[in-house]
Amino acid sequence: MHTPDSSPRASLYYDYKIHPFKPAPEQRGEQTRHPVAVVGAGPIGLALALDLARYGVASVVLEADVQVSEGSRAIVFTRRSMEILQQVGVAERMMEDALPWRSGNSIYRGQRVFRMEAPYDPDDRYQPMHNLQQQYLEQYLVEQCEQQSLIELRWGTRFVELLRNDDQVELLLDTPEGEYSLQADWLVACDGARSPVRSQLGLRMDGASYTGNFVIADIKIDIDLPTERLAFFDPDWNPGNTVLMHREPHGIWRLDYQLPAGETPEQALQPESLYGRIQAQLDMVGIDAPWQLDWCSVYSARAMTLPDYRHNRVLFAGDAAHMLPIFGVRGANTGLQDSQNLAWKLAARIQGWGGDVLLNSYSHERVGAAREIIEEAGKSTRFMTPPSNGYRLLRDATLSLSLSQPFVGPLFHWRTSRAHDYLDSPLNSGDKADNGPLTGAPLQNIRLAESDYLFDHLGGAFYLMLFAERPLDEPGLQLLQQRLQQEGVPFEIVQICRDLEQNDWPLLADPDGRIAAKYGAADGSALLARPDQHLCARWSQLDLDRVEKAIRIALGKSN
Amino acid sequence: MTEQSKAEAMAVADLEQVYDALAEAIDRAGEAHDRLFLTKLVLLLANRCGDRQAVLEAIDAALQDL
Ligand SMILES: Cc1cc2nc3c(=O)[nH]c(=O)nc-3n(C[C@H](O)[C@H](O)[C@H](O)COP(=O)(O)OP(=O)(O)OC[C@H]3O[C@@H](n4cnc5c(N)ncnc54)[C@H](O)[C@@H]3O)c2cc1C
């Protein structure tokens with residue numbers, strides 16, 4: 001019998017709410033076949049359920065616990081994550097408390113040896129980074145799910161076994177009132193780094209585990225420093241190791257520090273060691289404010305991915321699919337991109353407007369993204385926690401040079417999660433871009449007016465973006481739109497025109513050609529974006545046959 | 001061109017490759033030979049660079065902040 005811990009977790013700033021288990025219809029003898037079962041109500045499972053609902057796809061979300069994440073865990077959300085969260089309706093809520101930022105500082109021997117600002121484009125609604133504790137993100141997603149009649153959130157329900165994965169799936173679940181089995185057409189495993197679904201299928205991740213262990217500690221303290229990333233290398237109190245500091249909302253600071261080689265997590269979490277080291281770090285920065293510990297944990301850097309995110313009717317997303325080092329805020333941010341990539345494809349497959357191979361393209365695109373991230377994260381990890389004598393010497397030499405030789409700055413690898421460009425996606429077609437975003441890359445947001453941006457208008461649909469002097473009056477366009485909509489394909493047309501005075505969605509005025517320039521478009525150009533806001537084709541001249549063909553390719557229906 | 005601006009002329013991606021290759025070569029040389037290896041490497045690069053002044057400047061720069 002599954003008995004989830006139903007006492008609210010302790011926290012100095014967050015009030016945990018218990019979502020009691022409620023018996024499922026299946027436990028009263030009602031059998032339903034759910035279109036989608038999602039295991040895990042972490043950020044990724046919840047975002048996926050909301051995204052599916054945008055297309056009208058119902059899902060049941062199964063969560064072993066009865067409350068949100070213990071401790072802050074993921075605290076940094078990128079612009080791309082905010083754009084994805086905007087689509088599922090929680091970005092505004094997050095922005096009420098989130099701390100936006102963009103600068104990273106590397107400090108060595110008391111000197112700031114490298115400072116980098118992540119680029120910010122005034123056409124973007126969101127700053128490069130936003131700090132907010134994961135509990136809040138989860139809470140907002142849960143509240144949004146509760147508003148959504150297509151989503152059934154089942155707390156206190158633990159996935160035990162995958163009974164079937166053939167022309168449907170069947171799951172064995174355990175609850176405070178005993179076990180039951182649940183039938184669904186599809187299963188999405190968003191059950192986190194230890195993914196029981198992954199173990200059930202006997203799947204192995206490939207990649208590397210790094211030796212360095214980090215303590216993550218959240219403390220309540222009043223520090224008058226801006227929201228920026230602070231990385232301290234080789235501090236006197238922790239020689240040879242790295243310490244990170246991040247400001248969180250609600251009067252909390254995150255300290256991450258590397259453990260001396262050979263020390264076990266248990267030793268590191270001994271109060272004496274923990275308090276002494278946190279104090280030593282604060283002393284070094286010159287802060288003598290009182291503080292209290294809120295939460296702590298030990299984290300080891302791993303860079304691994306499943307080689308395939310699809311196993312017949314089971315799909316993997318988020319930490320269940322990959323485990324990424326925390327350097328560069330990749331965990332949750334990468335998972336949100338998974339969910340956004342998967343949602344429209346699964347919806348299209350279920351509703352019949354997309355082919356089955358779309359789901360293979362999910363795996364292709366996102367495994368590719370994970371591998372690219374692992375490659376990049378590997379560099380940061382080798383710098384932060386050198387794995388061998390050679391790498392340690394190189395790191396130390398770089399630190400020493402950094403005091404007088406700016407050329408080594410980029411070697412500090414202040415890289416963060418970014419949206420992956422699906423350049424080699426099987427869904428791409430059309431002409432090559434000379435300028436502007438490449439085919440496969442995410443769309444570029446555009447500021448249309450005060451607090452009015454292009455992405456605010458986008459929903460879960462394909463968008464054909466036409467650039468012209470004035471709106472095209474082409475009957476073929478409307479016919480194409482009607483035909484696609486009859487087949488259930490969400491498809492919209494946006495026209496960006498130089499000869500317009502005012503924006504009147506879906507007509508956008510571009511008198512000075514600013515939008516066209518951003519997109520590398522000329523009069524007559526056409527761009528096609530997928531429902532997840534990635535470009536899948538572009539043409540220098542609109543040709544409706546080619547547009548239709550590109551949509552079929554992007555829907556995995558070309559043959 | 002000074003030593004520093006030459007070094008900066010190296011693209012970041014190239015610098016990163018050199019970083020990894022050098023780290024791995026040091027590991028291959030092993031702790032018993034890493035100093036010998038590094039000294040040989042500097043002499044080889046000095047000979048390639050062919051600019052005595054630049055090499056002497058680099059030696060001074062490397063001596064800083066040890
Ligand atoms: C200690 C720690 C610190 C972290 N710090 C950072 C950080 O600073 N920055 C960062 O970007 N990322 C961080 N991460 C990673 C980040 O939290 C994850 O990347 C993110 O939560 C992934 O979301 P997810 O939804 O894929 O998985 P999770 O958030 O792990 O959600 C998985 C869900 O599945 C549920 N579940 C598991 N098994 C079952 C089952 N059998 N049946 C039903 N439900 C089940 C779990 O209860 C959980 O709710 C940290 C993670 C940890 C553990």
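Note on naming: letters A, B, ... go to the chains in the order of the sequence lines (proteins, then strands), and numbering restarts at 1 for each one.
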Heavy-atom contact with chain B under 4.5 Å, split by part of Arg395(A): both
Spacing of Phe114(A) atom CZ and Ser402(A) atom OG [to the nearest 0.5 Å]: 10.5 Å
Any pair counted as ring pair (Phe, Tyr, Trp, His ring centres under 6.0 Å), so long as it reaches residues 374-403 of chain A, sequence neighbours left out: Phe233(A)-Phe383(A), Phe383(A)-Phe412(A)
Basic-acidic side-chain contact under 4.0 Å: Glu372(A), Lys379(A): no
Part of Leu393(A) lying under 4.5 Å from any heavy atom of chain B: side chain
Which atoms of Asp20(B) approach chain A - backbone, side chain, both or neither, heavy atom under 4.5 Å: both
Part of residues 25-33 of chain B lying next to chain A, heavy-atom separation under 4.5 Å: Ile26(B), Asp27(B), Glu31(B)
Exercise: identify the closest heavy-atom pair between Cys49(B) and Ala54(B): SG-CB, 4.3 Å
Donor-acceptor pair between Ser106(A) and Arg112(A) side chains, under 3.5 angstrom: no
Val42(B): partners by side chain to side chain contact (heavy atoms under 4.5 Å, CB included), with sequence neighbours left out: none
Non-neighbouring partners of Gln127(A) that pass side chain to side chain donor-acceptor pair (under 3.5 Å), sequence neighbours left out: none
